[in-house]
Amino acid sequence: QVQLVESGGGLVQAGGSLRLSCAASGSLFTMYTMGWYRQTPGKERELVASITGGGHPFYEDPMKGRCTISRDNAKTTVFLQMNSLKPEDTAIYYCNTRPPTERYWGQGTQVTVSS
C-alpha cells in the first residue's frame, strides 16, 4: 500500500553537497513524522533527521549542522539537503516513518563521499 522511493544519491568529493528526495505514496502522508536513515555495511541503520507532519525538524548528532530536512506535503515528498559532506557520510540513505515501519523500507539511495 505504502511505497517510498529515494533518489538523489551519487558520488561527491569531500566538502560537497547532495540533495536527496523521497517520493511517497499514501493518502495519510501529511500526518506522518518522516525520517531519513542511513546504513553502512556491517552496521545498524541510524537516524539522520526527522520532520513532523507540520514541518518541525529534528536532527541527530552525526550530521547536525550539515543537513536540512524539509517536506512538500502537496507533492508527498521529503528532502534532505546535505552539505559539507565527509567520507564517513558514505552510506545507503533511506526514508521511512519515525519510528520506522518495517514494511516501508525501500531500496535507498547510495551516497559515496571521496577523500
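Just so you know, these numbers come straight off a predicted model, no measurement behind them.
Both V48 and L18 sit in one connected hydrophobic cluster of ILVMFWY residues. Membership requires side-chain heavy atoms under 4.5 Å apart, directly or through other members.
Minimum interatomic distance between T40 and A91 (heavy atoms only, all atoms of both residues): CG2-CB, 3.6 Å. Nearest approach of I69 to P57, heavy atoms of both residues: CG2-CB, 3.7 Å. Closest of all the heavy-atom pairs between Y94 and G106 is CE2-O, 3.4 Å. Across every non-hydrogen atom of S50 and T33, the tightest pair is CB-CG2, 4.3 Å. Between A14 and P87 the shortest heavy-atom distance is CB-CD, 4.2 Å. Nearest heavy atom pair, residue T77 against residue S21, reads CG2-CB, 4.3 Å.
Interatomic distance, L4 CG to R103 CZ, rounded to the nearest 0.5 Å: 11.0 Å. Note that the OH atom of Y32 and the OG1 atom of T101 stand 7.5 Å from one another [nearest 0.5 Å]. Note that the CD atom of Q107 and the OG atom of S7 stand 12.0 Å from one another [nearest 0.5 Å]. In this structure, CZ on R71 lies 10.5 Å from SG on C95, to the nearest 0.5 angstrom. One finds the SG atom of C22 at 4.5 Å from the CE atom of M34 (value rounded to the nearest 0.5 Å). The CG atom of N83 lies 8.5 Å from the SG atom of C67; values are rounded to the nearest 0.5 Å.
Side-chain contact, S114 with Q13: a donor N or O sits under 3.5 Å from an acceptor N or O.
In this structure the side chain of Q81 never reaches within 4.5 angstrom of the side chain of S70, judged on heavy atoms. Using a 4.5 Å cut-off on side-chain heavy atoms (C-beta onward), E6 and W36 make contact. You'll find the side chain of I92 stays beyond 4.5 Å of the side chain of T109, heavy atoms only. In this structure, the side chains of T112 and V12 stay at 4.5 Å or more apart for every pair of heavy atoms.
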For this session: Take R38 and D89 through the side chain to side chain contact (heavy atoms under 4.5 Å, CB included) test and state the conclusion after the steps.
Result: CA-CA 9 Å; R38 68 185 186 184; D89 296 320; 2.9 Å; yes
For this session: In sequence, state the C-alpha distance, the side-chain angles, and the governing distance for V111 and T90, and then conclude on side chain to side chain contact (heavy atoms under 4.5 Å, CB included).
Result: CA-CA 5 Å; V111 171; T90 295; 5.8 Å; no
Exercise. Yes or no on side chain to side chain contact (heavy atoms under 4.5 Å, CB included) for V78 and D72, after CA distance, side-chain angles and deciding distance?
Worked result: CA-CA 6 Å; V78 183; D72 184 339; over 6 Å; no
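Relative orientation of the Y37 and W105 rings is perpendicular, given thresholds of 30° and 60° on the angle between their planes.
The residue from L47, T52, I51 that alone fulfils the side-chain contact (heavy atoms from CB on, under 4.5 Å) condition with R98 is L47. With Y93 as the partner, the side-chain contact (heavy atoms from CB on, under 4.5 Å) test is satisfied by one option alone out of Q110, Q39, M82: M82.
A cation-pi arrangement is found for R19 relative to F79, the charged atom lying closer than 6.0 Å to the ring centre and inside a 45° cone about the ring normal.
Under the 3.5 Å distance criterion, the side-chain polar atoms of T76 are matched with a main-chain donor or acceptor of A24.
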